[in-house]
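Okay, so here's the structure we're looking at.
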Amino acid sequence: MNENKNMPLNQKSEYNFEEHLIYGRQKRWKKIIELLFTVIGWLFIVSFVAYYVYGNITLKSGKEPFEFLFFNKGMLKDLNNYYFIAFVALLILTVLLIVWKNYNYYRFGRLRRRKFRPAVNNDEICEMFELDKTFVEKMQNDRYVLLENNIIPEDMGIIISDKDKEKESKKEIVKV
């Protein structure tokens, strides 16, 4: 048993990542094309943001920004108008959502339509999982409980795949 109560018990996971990831070798020319498009994309994004910041600073100071390809003064003004409209739309939607939340709270917040199941007592837990009453009380009171075997019945919805059953049977054979 773990003597240090502040440290959790060591847990081992037998999850195999290779079953869920796609492994494969990509051809060199595909890697080069992918790298080329990635570098071009990042250069475009960085140059766009840099020109947008530079252009707005020069416009605020009363100077004309230099033009480069499609980066020009008209683009900066159009983007500023677009961002202003998007900001106003964001504010309007935020106010509408706050009003809608408050309406729903005052209209439906005080209703109690849900019926909750009654609390389960220790006797029902003992009956369902076929456990001793002292063991159930120990599980509820102790901070750490070490289970030697699985107490959950097989028909309670835990689905075990055929692969897992084969692995378990092989482990049992090896252990014997």
Side-chain angles (χ1 to χ4, degrees), residues 2 4-120 125 139-140 143-145 147 150 152 154-165 167:
N2 190 4
N4 188 354
K5 298 295 183 190
N6 295 328
M7 297 297 293
L9 295 172
N10 292 333
Q11 298 177 356
K12 294 180 183 177
S13 173
E14 295 184 15
Y15 183 77
N16 188 3
F17 287 104
E18 293 177 2
E19 291 179 5
H20 300 283
L21 296 177
I22 299 172
Y23 285 101
R25 297 196 44 86
Q26 194 175 26
K27 295 181 180 172
R28 181 171 295 226
W29 65 272
K30 286 183 180 180
K31 282 185 180 181
I32 292 171
I33 291 174
E34 179 184 351
L35 180 67
L36 184 67
F37 277 117
T38 302
V39 168
I40 290 171
W42 276 106
L43 285 175
F44 175 74
I45 291 169
V46 169
S47 64
F48 175 78
V49 170
Y51 186 81
Y52 183 73
V53 171
Y54 157 77
N56 279 323
I57 291 172
T58 55
L59 284 176
K60 296 287 183 200
S61 66
K63 299 177 185 175
E64 288 288 322
F66 71 89
E67 294 185 8
F68 176 70
L69 296 175
F70 53 86
F71 298 127
N72 56 30
K73 183 179 177 180
M75 182 199 75
L76 289 172
K77 289 187 177 186
D78 289 344
L79 276 175
N80 287 337
N81 290 338
Y82 170 75
Y83 288 144
F84 178 74
I85 291 169
F87 180 72
V88 169
L90 178 71
L91 287 178
I92 290 170
L93 288 174
T94 303
V95 169
L96 283 174
L97 285 174
I98 290 171
V99 169
W100 184 255
K101 175 198 68 103
N102 288 331
Y103 166 76
N104 278 331
Y105 176 74
Y106 288 116
R107 174 79 168 88
F108 302 110
R110 293 177 186 86
L111 298 178
R112 297 289 175 240
R113 294 178 286 198
R114 294 188 182 123
K115 294 183 180 177
F116 297 100
R117 295 181 67 168
V120 179
I125 293 174
M139 286 190 347
Q140 290 177 344
R143 185 168 176 174
Y144 296 105
V145 176
L147 299 175
N150 189 2
I152 301 173
E154 286 190 25
D155 60 346
M156 283 202 59
I158 295 177
I159 300 171
I160 299 174
S161 68
D162 293 335
K163 288 181 181 178
D164 293 336
K165 287 180 182 177
K167 287 179 185 177

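Throughout, numbering of the chain's residues begins at 1 and tracks the sequence.
To the nearest 0.5 Å, atom CZ of residue Arg28 and atom CD of residue Gln26 are 11.5 Å apart. Interatomic distance, NZ of Lys27 versus CD of Glu34, reported as 15.0 Å (0.5 Å rounding). Summarising the geometry, atom NZ belonging to Lys73 is positioned 13.5 Å from atom CE belonging to Met75; distances are rounded to the nearest 0.5 Å. Atoms OG1 and CG, from Thr58 and Asn56 in turn, are 7.5 Å apart once rounded to the nearest 0.5 Å. Summarising the geometry, atom CD1 belonging to Ile98 is positioned 7.5 Å from atom NZ belonging to Lys101; distances are rounded to the nearest 0.5 Å. Rounding to the nearest 0.5 angstrom, the gap separating the CG atom in Leu35 from the CD1 atom in Ile40 is 9.5 Å.
Taking the side chain as every heavy atom from C-beta outward, Leu91 and Val95 never approach each other to under 4.5 Å. The shortest distance between side-chain heavy atoms of Ile125 and Met139 does not fall below 4.5 Å. A heavy-atom distance below 4.5 Å is not found between the side chains of Asp78 and Tyr82.
Taking both residues in full, the closest heavy atoms of Phe71 and Ser47 are given as CZ-OG, 3.9 Å, listed atom of the first, atom of the second, then distance. Across all their heavy atoms, Gly55 and Pro65 have their closest contact at CA-CB, 4.2 Å.
The backbone N or O of Leu76 sits nowhere less than 3.5 Å from a side-chain atom of Tyr51 that would complete a donor-acceptor pair.
Under 3.5 Å, the side chains of Asn80 and Tyr52 contain a donor-acceptor pair of N or O atoms.
Ring-plane geometry between Phe108 and Tyr103 is classed as perpendicular, the angle between the planes exceeding 60 degrees on a 0 to 90 degree scale with a lower cut at 30.
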